[in-house]
Amino acid sequence: MDIKWLKRYRLFCIGGFIILCVQIVLAFVFFSIQEYSVVEEFSPNSLKRLKNVADYGTGDDDESSYNNVPSGSNHRNKLPPDKDNSASSNEYYNKALQQRHNYKTDNFRVLRLDELGFIPPCDISGRESVSALHRAKSQFCKQIIANISCLMKTNPPYPKRLPHQCPTNDIKNNKTLGCFRDGKEFKLLPGYKTTLIHTNSQDYCSDLCLQSGFVYAGVEYGTECFCGNETPEWDLKLSDTFCDMQCPGNQSQMCGGHYTINVIKTGVSKFVARVASEPLPNLQYDKSPVRIVFLLTLNGRAVRQVYRLIKALFHRDHYFFIHVDARHDYMFRELLKVELALSNIRLSRRRHSTIWGGASLLSTLMDAMSDLVQSSWDWDFVINLSESDFPIKSNDKLVKFLTMNREHNFVKSHGREVQQFIQKQGLDKTFVECEARMWRVGEKELPKGIIWDGGSDWLALSRSFVDYLVTGDPLISGLLQFFKYTLLPAESFFHTVLRNSPFCETYIDNNLHVTNWKRWLGCKCQYRHVVDWCGCSPNVFRYEDWNRIKNTEKKQVYFARKFEPIINLSILDTLEVWLYGEYPTDLKNRMSYWQNVYHYEDIHPAPDESLLKIGTSLARIATKLLTTSQTTCQIRSLDKLLQVFTYHHKDQFRGFLIQYEVIVSNSSTKLLLESWCWPKLQGIIIHNRDPINRLLNFIVSSDFDQKEQMSRDFIRIISPHTDPVLIHQWGLGDQSFIVTFLWLNPYGELANVTSVKIDGSALIKFVKPTLLTPLSQGIWTVLLVYENVTMAYTQFLVTPSQTNRETSISASQISFISKSHNYEQSLYEWENVIKVFKNTIKFEMKNNINDHLKTKMTSWIDSLILSAYSILETCIVIPCKSIGDCGLKNLVTCAETSWSSYSPDPKSEIISINKEFGTLNRLAVI
């Protein structure tokens, strides 16, 4: 029988044996991969990722930790490492392992009271809270984190249930429809499903489905909760005895059975956003055209672009209410001039320090709306904009559209299932804002009884709805309390209020904006330095994106974002011509743009020490050049560095401008001069042969923007504590190859080795090497090596960290400056390459550092600055007749040049006719 059985089923036996072998092989491969992964995780090439984990305290986490994870994924995720293939020494390797060990033991252990310096209100043991407390720097911030963590655990400071006040809905009493037969493949309520092992009940499931705006909720098989909008077919209704499983969350209720479901009506109707009406040609309105308040929330230093935006939107019947971030003094000072000149422009005096995703953003908007309601301005709509927005249709078209849709509210919804949105947006997490960061400290439960919504934080709201927001009621006060501890509150608060308030029928799913989303570039967790979360940001429109804007001509969108003239000015020029017609042919500086990066009156943000050093040194050098070459009298001294600008022309960086005062000898006369400077350390190709002839750009800078694939540090300011970035751009090619970058300090010593694979596509790549800090001060060199031959090199300056003007260098400074780290790189491997290269370039000798004892600190700094920057031209702002015939009055006036910040810039001037006062006001940009 056994032999017959084997013969009869021999094919099955052979097949089973083969399957068993395959399983063994797969298991072996799997465990090999796991072992390799462990090795790779702790390898030198992964050290930068380990550093990120230690810096930000967010290691492994589930998908809810990152709101750019594809929907439906259930795998666990890690912070994406920087795209850095740098090799490193055993010293770095061991240091990183120790750093990871310290991170795990420090950030996930139970807190000790002696570490905190205070006694928290409760026992804090949650992973997120402990991590935040270890990473926070100030005692004040630690105290806030501890207080909020305990408050959320014991008594959350917001209601557990909020009122739903939409007049078309009735959710006071949920209506049970009964027991229905359900299918295996085709579900009765297919909108959403979740399994609630311990908490499922008819009430709980109904609240969950109501939260998502579903009309019906259903409980099945005891633990399953379903939501949907379609009415169940009554011929599927069964006797209640078929739904015989008790609910784990409420044993007095039944939660369906085997393919039977208890259906409950949530009390809301299926939501359909209203569609905005299009204005008809020559239509006569019953009421006067609407008047708009443009609420500008501004950051940064792009003042000229703000002027251009105001100019494009300006009309005597509209208003501008402007909030400038509390940390941006320059923008606020410059816009105060606008407020003085134009009566329908006002700056908020309640200034907040806002961060991406911060709770302060909602406070900023609500404070502004409160001020607008209390103001004497007569307005009908408020539209919030930033310095990155610009109109894509005329003011007249916008007014006609909003007049036709008076009393409606324009917000853009997220467009996905609500529970997915809640998780990806982090609404169910508690965040605390302090130290200009949003700290994640744990979970939180959303208030029940209302529909949750959200999307874009760019809005167009009616006056009546804003009045309601400012007046407040239990719904608004409860949501404001909830969103104090929520990430990205401005992206959900207004939507959620609209869906649950008496204004629910005024909801139009359109925020009047077109946004330049390129998620493969914009979703790279670039906000990790300010928030314990990953986020996405839209890209800047460039000229090649013009068709996307042009194709919106017949759509109900009136603004676009983002625009940044330091990145692309051509798109703005094209847009304005499209809207308003051609510029005059004699318009000066049409394709030029200036942006301030330093002003001597600034307190916030604090000036960059290295920028001051570079600017002051160049002003000193320019003054000496003028004294020796163009003057017969002496300039006694450099009095003050006033401002620094970056200068851009035809979408290219064209250098930077330093503005400074000098004092003429034998006189107290002060002259205001401006010099045009250029960073002259560029990449140099030695052997321009295949495949290196594909190399288009090769520089070292800092502040690399992955989203825009460029460095925002145009002046290339690198201090001893900066993390330099090597940026290399390649054209199309036919082959892939590997290049190696050798980082040499000012003494020609090897500091880092980085290998990068270059494929056949055109691409911009960047490398962030692991360098020990502080960096040696002086001129560094990076070699590009291919097949053991140096094919190209570039250099960069590490600016000295301290300046004692007109004093000799102290012994302690010499020790600091000459400090060389023992870089334990594989020097022997690259010794010949470096030796050959040293024959073509001169490096600083270590023993020469002692020669600085005999010189002044300023002389040494000036020599370094002069090796990295050149002065192209100098102009005088206002010629001074009182200095006599000493040559300086022969300098060209700055307004006559094409490059100076004083050169006329009509496109960024604000011109308005104020009929109330009968005057013409012109505010020139200077």
Student: Does Trp780 form a side chain to side chain donor-acceptor pair (under 3.5 Å) with Gln795? I'd like the steps, not just the answer.
Tutor: CA-CA 5 Å; Trp780 284 61; Gln795 294 183 305; over 6 Å; no
Student: Would you say that Val540 contacts Asn516 through its side chain, given a criterion of any heavy-atom pair below 4.5 Å between the two side chains?
Tutor: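 No. Closest side-chain heavy atoms not under 4.5 Å.
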Student: If you measure from CG on Leu750 to CH2 on Trp830, what distance do you get to the nearest 0.5 Å?
Tutor: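 Rounded to the nearest 0.5 Å, the CG-CH2 separation comes out at 9.0 Å.
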Student: Under 30°, 30 to 60°, or over 60°: which ring-plane class applies to Tyr793 and Phe837, parallel, tilted or perpendicular?
Tutor: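 If you compare the ring of Tyr793 with that of Phe837, the planes turn out perpendicular.
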Student: Which residues pass the salt bridge (Lys or Arg N to Asp or Glu O under 4.0 Å) test with Arg694, sequence neighbours left out?
Tutor: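 None.
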Student: Using side chain to side chain donor-acceptor pair (under 3.5 Å) as the criterion, list what pairs up with Asn788, not counting sequence neighbours.
Tutor: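 Scan of Asn788 (side chain to side chain donor-acceptor pair (under 3.5 Å), adjacent residues dropped) gives none.
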Student: Judged by atom type as modelled, is there a donor-acceptor pair below 3.5 Å linking the side chain of Ser776 to the main-chain atoms of Asn745?
Tutor: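 It does not hold such a pair.
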Student: Does some side-chain heavy atom of Thr623 sit less than 4.5 Å from a side-chain heavy atom of Leu626?
Tutor: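 A side-chain contact under 4.5 Å is absent here.
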Student: Is Val725 close to Ser701 at the side-chain level, that is, under 4.5 Å between some pair of heavy atoms?
Tutor: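 Counting from C-beta outward, Ser701 and Val725 never come under 4.5 Å.
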Student: Where the side chain of Asp705 meets the backbone of Gln709, is there a donor-acceptor pair that is under 3.5 Å apart?
Tutor: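 The answer is no, because no donor-acceptor pair under 3.5 Å joins these two groups.
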Student: Any carboxylate oxygen within less than 4.0 angstrom of a Lys/Arg side-chain nitrogen, looking at Arg437 and Asp532?
Tutor: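 Salt bridge between Arg437 and Asp532, a charged N being under 4.0 Å from a carboxylate O: yes.
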Student: What is the minimum heavy-atom distance between Leu618 and Ile871, and which atoms define it?
Tutor: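 Of all heavy-atom pairs spanning Leu618 and Ile871, the closest is O-CD1, 3.5 Å.
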Student: Given Asp602 and Arg301, is the salt bridge (charged side-chain N to carboxylate O under 4.0 Å, His left out) satisfied, shown in steps?
Tutor: CA-CA 11 Å; Asp602 287 351; Arg301 310 181 76 90; 2.6 Å; yes
Student: Starting from the C-alpha separation in whole Å, work towards a yes-or-no answer on side chain to side chain contact (heavy atoms under 4.5 Å, CB included) for Leu641 and Leu612.
Tutor: CA-CA 8 Å; Leu641 178 69; Leu612 290 180; 4.2 Å; yes
Student: Sequence neighbours left out, what passes side chain to side chain donor-acceptor pair (under 3.5 Å) with Gln305? Give chain and number order.
Tutor: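 So Gln305 forms no side chain to side chain donor-acceptor pair (under 3.5 Å) with any residue.
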Student: Less than 4.5 Å apart, any side-chain heavy atom of Asn596 and any of Val644?
Tutor: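 No, their side chains stay 4.5 Å or more apart.
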Student: Checking Asn568 against Phe541 for the side chain to side chain contact (heavy atoms under 4.5 Å, CB included) test, could you report, in this order, the C-alpha distance in whole Å, the side-chain angles of both residues, the deciding distance, and whether it holds?
Tutor: CA-CA 7 Å; Asn568 195 273; Phe541 276 106; over 6 Å; no
Student: Kindly list each side-chain donor-acceptor pair under 3.5 angstrom involving residues 675-687, sequence neighbours excluded, with atom names and distances?
Tutor:
from   : atom 1 : to     : atom 2 : distance (Å)
Ser675 : OG     : Tyr660 : OH     : 2.7
Ser675 : OG     : Thr874 : OG1    : 2.7
Trp676 : NE1    : Arg654 : O      : 2.8
Lys680 : NZ     : Leu866 : O      : 2.8
Gln682 : NE2    : Pro679 : O      : 3.0

Student: Taking the side chain as everything from C-beta on, heavy atoms only, tell me whether Cys875 gets closer than 4.5 Å to Ser900.
Tutor: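 Side chain of Cys875 against side chain of Ser900, heavy atoms only: contact under 4.5 Å found.
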Student: Got a sec, which residues hit side-chain contact (heavy atoms from CB on, under 4.5 Å) with Thr794, two or more places apart in sequence or on another chain?
Tutor: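 Partners of Thr794 under the side-chain contact (heavy atoms from CB on, under 4.5 Å) test: Phe698, Val700, Leu726, Val782.
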Student: Tell me, please, which residues at least two apart from Glu564 pass salt bridge (Lys or Arg N to Asp or Glu O under 4.0 Å).
Tutor: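 Only Arg712 meet the salt bridge (Lys or Arg N to Asp or Glu O under 4.0 Å) criterion with Glu564.
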Student: Provide the closest heavy-atom pair for Ala436 versus Arg327 in the form atom of the first, atom of the second, distance.
Tutor: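 What the structure gives for the nearest pair is CB-NH1, 4.0 Å.
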Student: Write out all pairs satisfying side chain to side chain donor-acceptor pair (under 3.5 Å) with one or both partners inside residues 729-743, taking only residues at least two apart or from two chains.
Tutor: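 Checked against side chain to side chain donor-acceptor pair (under 3.5 Å) - neighbours excluded - the pairs reaching residues 729-743 are Asp690-Gln735, His728-Trp730, Thr740-Ser755.
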Student: State whether cysteine residues Cys534 and Cys523 meet the disulfide criterion of an SG-SG distance below 2.5 Å.
Tutor: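 Their SG atoms do not fall under 2.5 Å; no disulfide, then.
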Student: Checking Asp862 now: which residues fulfil side chain to side chain donor-acceptor pair (under 3.5 Å) with it, not counting sequence neighbours?
Tutor: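 So Asp862 forms a side chain to side chain donor-acceptor pair (under 3.5 Å) with Ser617, Arg620.
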Student: Please identify each residue that fulfils salt bridge (Lys or Arg N to Asp or Glu O under 4.0 Å) with Asp703, with sequence neighbours left out.
Tutor: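 None.
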Student: Where do His648 and Phe714 land on the ring-ring contact (aromatic ring centres under 6.0 Å, His included) test, with the steps shown first?
Tutor: CA-CA 10 Å; His648 309 259; Phe714 295 100; 4.9 Å; yes
Student: Measure the shortest side-chain to side-chain distance between Pro800 and Trp860 over non-hydrogen atoms and say whether it is less than 4.5 angstrom.
Tutor: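 Heavy-atom side-chain distance check passes, below 4.5 Å.
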Student: Please confirm whether the ring centroid of Trp594 lies under 6.0 Å from the ring centroid of Phe645.
Tutor: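 Between Phe645 and Trp594, which both carry aromatic rings, the centre distance is not below 6.0 Å.
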Student: For residues Thr799 and Ile718, determine if any side-chain heavy atom of one lies less than 4.5 Å from a side-chain heavy atom of the other.
Tutor: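 They are not in side-chain contact.
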Student: Please determine if Glu708 and Lys518 form a salt bridge, counting it only when a charged side-chain N lies under 4.0 Å from a carboxylate O.
Tutor: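 Looking at Glu708 and Lys518, the cut-off is not met.
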Student: Please determine whether side chain to side chain donor-acceptor pair (under 3.5 Å) holds for the pair Thr773 and His721, giving the CA-CA distance in whole Å, both sets of side-chain angles, and the decisive distance to 0.1 Å.
Tutor: CA-CA 6 Å; Thr773 57; His721 296 279; 4.7 Å; no
Student: Restricting to side-chain contact (heavy atoms from CB on, under 4.5 Å), what partner residues turn up for Ser761, sequence neighbours left out?
Tutor: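 For Ser761, the residues satisfying side-chain contact (heavy atoms from CB on, under 4.5 Å) (neighbours in sequence not counted) are Asp759, Leu763.
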Student: Applying side chain to side chain donor-acceptor pair (under 3.5 Å), can you list everything that pairs with Ser610, at least two apart in sequence or on another chain?
Tutor: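 Ser610 satisfies side chain to side chain donor-acceptor pair (under 3.5 Å) with no residue once adjacent residues are dropped.
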Student: What are the two closest heavy atoms between Thr897 and Ser903, and how far apart are they?
Tutor: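 Result for this residue pair: O-OG, 2.7 Å.
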Student: Stepwise, does the side chain to side chain contact (heavy atoms under 4.5 Å, CB included) test hold for Ile865 with Leu797?
Tutor: CA-CA 8 Å; Ile865 300 299; Leu797 169 67; 3.8 Å; yes
Student: Would Val756 and Val767 satisfy side chain to side chain contact (heavy atoms under 4.5 Å, CB included), going step by step from the backbone distance to the final call?
Tutor: CA-CA 8 Å; Val756 178; Val767 175; 3.7 Å; yes
Student: Can you check whether Phe656 and Tyr647 have ring centres sitting under 6.0 Å from each other?
Tutor: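 So the answer is no for these two rings.
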Student: Are any side-chain N or O atoms of Lys707 and backbone N or O atoms of Pro538, one a donor and one an acceptor, separated by less than 3.5 Å?
Tutor: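 Side chain of Lys707 to backbone of Pro538, a donor-acceptor pair under 3.5 Å: yes, one is there.
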Student: Side chain to side chain donor-acceptor pair (under 3.5 Å) for Ser719 and Lys613? Distances and angles first, verdict last.
Tutor: CA-CA 10 Å; Ser719 75; Lys613 191 174 288 44; over 6 Å; no
Student: Might you point out which heavy atoms bring Pro720 and Gln777 nearest each other, and give the distance in Å?
Tutor: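 Looks like CG-CG, 3.8 Å.
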Student: Name all residues meeting the salt bridge (Lys or Arg N to Asp or Glu O under 4.0 Å) criterion together with Lys640; count only those two or more places apart in sequence or in a different chain, and write none if there are none.
Tutor: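 Listed in chain order: nothing, the list is empty.
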Student: Using a 4.5 Å cut-off on heavy atoms from C-beta on, say whether the side chain of Phe653 contacts that of Thr646.
Tutor: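 Thr646 reaches Phe653 side chain to side chain.
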Student: Enter the distance from Thr858:OG1 to Ile621:CD1 here, rounded to the nearest 0.5 Å.
Tutor: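 It comes to 10.0 Å.
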Student: Is there a donor-acceptor pair closer than 3.5 Å between any side-chain N or O of Asp723 and the backbone N or O of Ser702?
Tutor: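 Between the backbone of Ser702 and the side chain of Asp723 there is no qualifying donor-acceptor contact (under 3.5 Å).
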Student: Looking at every heavy atom in both Glu674 and Ser901, which two are closest together, and how far apart are they?
Tutor: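 That would be OE2-OG, 2.7 Å.
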Student: What are the two closest heavy atoms between Ser570 and Met591, and how far apart are they?
Tutor: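 Scanning both residues completely, I find the closest heavy atoms to be OG-CE, 3.5 Å.
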Student: Quick check: does any side chain N or O of Asp608 sit under 3.5 Å from a backbone N or O of Leu611, one acting as donor and the other as acceptor?
Tutor: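 At least one qualifying donor-acceptor pair exists.
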